[in-house]
Amino acid sequence: MASNEAATTRRRDRTHFLYIAVIAAVIAGIIVGFAAPDFGQALKPLGTGFVDLIKMMISPVIFCTIVLGVGNVRQAAQVGKVGGLALGYFIVMSLVALVIGLVVGNFLHPGEGMQLTDEMRGAGAEQAGEEASSTVDFLLGIIPDTLVSALTSGEVLQTLLVALLTGFALQSLGERGAPILRGIEHIQRLVFKVLAMIMWAAPVGAFGAIAAVVGATGMDALKGLAVIMVGFYVTCVLFIFLVLGPILWLFAKVNIFSLLRYLGREFLLIVSTSSSETALPRLIAKMEHLGISKPVVGITVPTGYSFNLDGTAIYLTMASLFIASAMGDPLTVGEQVSLLLFMIIASKGAAGVTGAGLATLAGGLQSHRPDLVDGVGMIVGIDRFMSEARALTNFAGNAVATVLIGSWTKEIDRTQMQRVFSGEDPFDESSFVDDGHGGQESQKESASA
């Protein structure tokens, strides 16, 4: 027995070398980007390929997680309660993030003294063309062409819809659906094992991604734009520790530092790829291991990736103020409120993919203030650096939301959470599969209550 535990510990310890390699790869990528810019840009496919590999696994991870979570819940009303609480929380936090971005943006007055060149105008128009969908298009886009296409298109909300329908169908089948649920559980283990294998390519992906962006932008892109970039990073940090932290402690009695330390490897992965989507499957697995029930994790995390984009909301507000000020046409208070409320809708569905925030900003300005679209080109050069802060904040916000919803619905195993935070029950990096925790005990307690 002791030998088995020792073997398991050694197996888990090997993953530490993986993340040390990621850090080394990031440093090497920065050096290569500065020393040989052209060669650094040529390495971009390495980063793109790794992110695509992770995105390839997102739909099956979400599908299996939600189907198993919903299918095992006896009362459908419980799922509706989780979804309602999650959406209500997401709306409130989006408004809070927008207001914070407005306050900081008006305090810093970014963009003053900037000059818009013809090249920048062209870049802004190009980004606007990439994001032209309306709210109606967004809502209709949630419905997939076929039941199977939702699992192959890579659309998170389409996968969420199909998984919920499948979960409710299996729930209504009762005992007859049990064999199907067992089959999906085996598929989930296979999916997570494949994901664990893909993660060993993280150092290569991080090296290519960082080398490409440093080689393409260098230091020139940072000159004259440091105010908004530093201001945005500081705002995101303050939002996490002065807004999310107190809320997490007040309503769930969970320390924000313990939660962020537990998710440290995911933050490193996001920094190296500049995409929070690369950490989505890991967040699902880790939240279940933390002791939060499968229905809460399965509904809150995927939905949050489209509706709980705190970092993107802050970015949209500050970037809008920056562009308006740089173009010599500052927004009035009334224009700020109307434009940024519009941005709440525009930001939905812009999950943490590199460049999505920039396209969303351009699309929102195109629909509401077309005269400001050309100014988007001013921040194209630093958007890659700002997207990291967006992704980190979005990820932290969704982790906090999952713990809060689990606490409010009493679908959380506090004993397991304490064991995880104390290091007694470390996450199994070799399989990514929750080993029987996942809040199932809390589900039983809730059912008996």
Side-chain angles (χ1 to χ4, degrees), residues 94-116 120-121 123-131 217 221-239 274 276 309-333 335-348 350-394:
S94 293
L95 286 172
V96 171
L98 286 168
V99 170
I100 290 175
L102 269 180
V103 172
V104 175
N106 280 287
F107 176 77
L108 293 178
H109 297 292
E112 292 183 353
M114 294 287 292
Q115 293 184 348
L116 184 64
M120 289 179 177
R121 292 180 188 276
E126 180 182 349
Q127 289 296 332
E130 295 178 6
E131 182 71 27
T217 58
L222 308 183
K223 295 177 181 178
L225 297 168
V227 173
I228 184 173
M229 192 167 69
V230 173
F232 178 60
Y233 266 81
V234 171
T235 304
C236 288
V237 170
L238 293 177
F239 178 80
S274 193
S276 60
L309 305 176
D310 299 329
T312 301
I314 295 172
Y315 166 81
L316 292 175
T317 56
M318 294 186 68
S320 298
L321 293 175
F322 169 80
I323 291 171
S325 179
M327 297 185 70
D329 188 16
L331 297 172
T332 64
V333 175
E335 287 176 329
Q336 290 179 27
V337 173
S338 61
L339 174 62
L340 302 176
L341 287 177
F342 176 85
M343 285 297 187
I344 293 181
I345 301 174
S347 66
K348 302 314 176 191
V353 182
T354 305
L358 191 63
T360 302
L361 172 65
L365 291 175
Q366 177 70 43
S367 302
H368 205 72
R369 280 287 302 271
D371 55 304
L372 297 179
V373 173
D374 286 341
V376 174
M378 290 184 172
I379 59 174
V380 169
I382 63 167
D383 179 75
R384 174 59 171 77
F385 296 95
M386 297 175 72
S387 69
E388 293 176 353
R390 283 200 304 269
L392 290 170
T393 308
N394 291 341

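Please read these numbers as outputs of a predicted model, since none were measured by experiment. Worth knowing before you read on, the calculation uses all heavy atoms, side chains too, and leaves out hydrogens, waters and symmetry mates.
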#### Entry: Atom pair OG1 (T317) and CG (L98), whose distance is rounded to the nearest 0.5 Å
6.0 Å
### Message
Please report the interatomic distance OH(Y315) to CG(N394), rounded to the nearest 0.5 Å.
### Response
12.5 Å
### Task
Could you pull out all residues at least two apart from I314 that satisfy side-chain contact (heavy atoms from CB on, under 4.5 Å)?
A97, F232, T235, F239, M318
### Qualifying residues under side-chain contact (heavy atoms from CB on, under 4.5 Å), relative to V234, sequence neighbours excluded
V230, L238
### Task
Determine the minimum heavy-atom distance between T393 and A389, stating which atoms define it.
OG1-O, 2.8 Å
### Message
Using side-chain heavy atoms (C-beta onward) and a distance below 4.5 Å, is V96 in contact with I100?
### Response
yes
